[in-house]
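In what follows, a single structure is set out as structure tokens and then discussed.
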Amino acid sequence: MTSTQDLQAQFGSIDIYLFDQLLKGRITSQMNVLDAGCGGGRNLIYFFRSGFNTSGVDQSSEAIAQIRALAAQLAPHLPEDNFRAAAIEQMPFDDESFDVVISSAVLHFARDEAHWQSMVREMWRVLKPGGIFFARLASSIGMEDKIKQIEGRRYHLPDGSDRFLVDEQMLLATTKTLGGEWLEPLKTVVVQNMRSMSNWVLRKA
């Protein structure tokens with residue numbers, strides 16, 4: 001019987017909705033995976049342990065140092081240069097380099113809509129045709145009467161944070177502009193009327 005400790009060691013603190021994509025068999029070890037906004041690598045433990053060719057980008061050089069150390073321990077076959085300190089809107093990777101691009105709790109830190117769009121376009125640029133784009137991001141869905149607009153699409157949330165919030169119409173329109181195909185219906189979780197998190201999962205046509 002698998003213990004909680006074994007599961008934690010194997011999967012770390014992976015986003016449960018990213019884990020769902022693994023359970024559905026959409027992400028396999030033959031795929032090149034990029035975590036755009038990887039932080040210290042909480043979503044990459046399983047990928048490291050399972051032999052994936054994994055890369056990461058984060059603006060924080062401290063986070064990149066942390067994830068390089070983690071990769072050296074769990075996936076020593078990966079080149080250190082797979083993990084780079086860079087802005088998501090200007091990533092140092094070639095076009096169509098990755099089969100999977102992960103964006104977990106990153107896009108809602110956009111400064112404004114132009115910044116948000118530039119990050120999305122850049123992640124789409126490095127994604128191969130047929131590849132999977134997985135994003136989990138804050139939205140206004142189900143929270144429309146509980147958030148306070150700061151400017152544009154930036155809002156103050158009941159949890160005390162300030163976030164760039166999308167809505168269903170924006171995600172539908174952006175998906176159409178990108179030429180993406182929805183892999184899943186748009187799913188949103190309202191967390192005790194404090195914030196709302198949506199899953200945006202696409203395939204690049």
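Atoms considered below: every heavy atom in the structure, side chains included; atoms not considered: hydrogens, waters and symmetry mates. Bear in mind the structure is a predicted one, so any value in this text is a computation, not a measurement.
- Across F52 and T28, no two heavy atoms sit closer than the pair CE2-O, 2.8 Å.
- Once rounded to the nearest 0.5 Å, the distance linking NZ of K146 with CG of D159 reads 13.5 Å.
- No option in S140, S198, S196 other than S198 meets the side chain to side chain donor-acceptor pair (under 3.5 Å) test with T188.
- Transitive grouping of hydrophobic side chains (ILVMFWY, heavy atoms separated by less than 4.5 Å) keeps L186 and V191 in distinct clusters.
- For the residue pair I45 and L74, the shortest heavy atom distance occurs at CD1-CD1, 4.0 Å.
- With hydrogens and angles ignored, the 3.5 Å screen pairs a side-chain donor or acceptor of R68 with a backbone N or O of F83.
- Checking K204, R203, K128 one by one against D99, the salt bridge (Lys or Arg N to Asp or Glu O under 4.0 Å) holds for a single residue, K128.
- Rounding to the nearest 0.5 Å places CD1 of I147 at 12.0 Å from CG of N193.
- In this structure, E184 and D20 have side chains that are in contact, with non-hydrogen atoms separated by less than 4.5 Å.
- At distances below 3.5 Å, at least one donor-acceptor pair connects side-chain atoms of Q149 with backbone N or O atoms of G152.
- In this structure, E80 places its CD atom where only 12 or fewer heavy-atom neighbours from other residues, nucleotides or ligands lie under 6.0 Å away.
- Of all heavy-atom pairs between S103 and V106, the closest is OG-CB, 3.9 Å.
- A single hydrophobic cluster is not seen to contain both I16 and V190; linkage of ILVMFWY side chains at heavy-atom distances under 4.5 Å, directly or through other members, places them apart.
- The 12-atom threshold is exceeded at NZ of K24, counting heavy atoms of other residues, nucleotides or ligands nearer than 6.0 Å.
- Using bins of under 30°, 30° to 60° and over 60° for the plane-to-plane angle, the ring pair Y46/F11 lands in the parallel bin.
- For the residue pair W200 / T175, a side-chain donor-acceptor distance below 3.5 Å is found, with atom types taken as modelled.
- The backbone N or O of L171 sits nowhere less than 3.5 Å from a side-chain atom of T174 that would complete a donor-acceptor pair.
- Of the listed residues (F93, F134, F133), just one forms a ring-ring contact (aromatic ring centres under 6.0 Å, His included) with F98, and that residue is F93.
- Between L178 and W124, the shortest heavy-atom distance links the atoms O-NE1, 3.3 Å.
- Counting only distance, with no hydrogens or angles, the side chain of R136 and the backbone of L18 share no donor-acceptor pair below 3.5 Å.
- Between I102 atom CD1 and N43 atom CG the span is 6.0 Å, to the nearest 0.5 Å.
- Counting only distance, with no hydrogens or angles, the side chain of R154 and the backbone of A110 share a donor-acceptor pair below 3.5 Å.
- Side-chain N or O atoms of R163 include none that pairs as donor or acceptor with a backbone N or O of L137 at under 3.5 Å.
- In terms of heavy-atom proximity, M123 sits nearest to A36 at SD-CB, 3.7 Å.
- In this structure, L183 CG and I132 CD1 are separated by 5.5 Å, a value rounded to the nearest 0.5 Å.
- Between the side chain of E122 and the main chain of M91, a donor-acceptor pair closer than 3.5 Å is present.
- The backbone N or O of F19 sits nowhere less than 3.5 Å from a side-chain atom of Q21 that would complete a donor-acceptor pair.
- The backbone N or O of S13 sits less than 3.5 Å from a side-chain atom of R42, completing a donor-acceptor pair.
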Does the side chain to side chain contact (heavy atoms under 4.5 Å, CB included) test come out yes or no for L22 and I14, once each step is laid out? CA-CA 11 Å; L22 294 171; I14 192 169; 3.8 Å; yes

Between L202 and W182, does the side chain to side chain contact (heavy atoms under 4.5 Å, CB included) criterion hold? Intermediate values first, please. CA-CA 5 Å; L202 307 177; W182 288 85; 3.9 Å; yes

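- Atom-to-atom distance recorded for D15:CG and M197:CE is 7.5 Å, nearest 0.5 angstrom.
- Atom CD in Q59 sits 10.5 Å away from atom CD1 in I64 (nearest 0.5 Å).
- Considering every non-hydrogen atom in both L157 and R195, the closest pair reads CD2-CB, 3.6 Å.
- In this structure, the side chains of R153 and L165 stay at 4.5 Å or more apart for every pair of heavy atoms.
- The local environment of CG in D145 is crowded, with over 12 non-hydrogen atoms from other residues, nucleotides or ligands closer than 6.0 Å.
- Between the side chain of R49 and the main chain of A9, a donor-acceptor pair closer than 3.5 Å is present.
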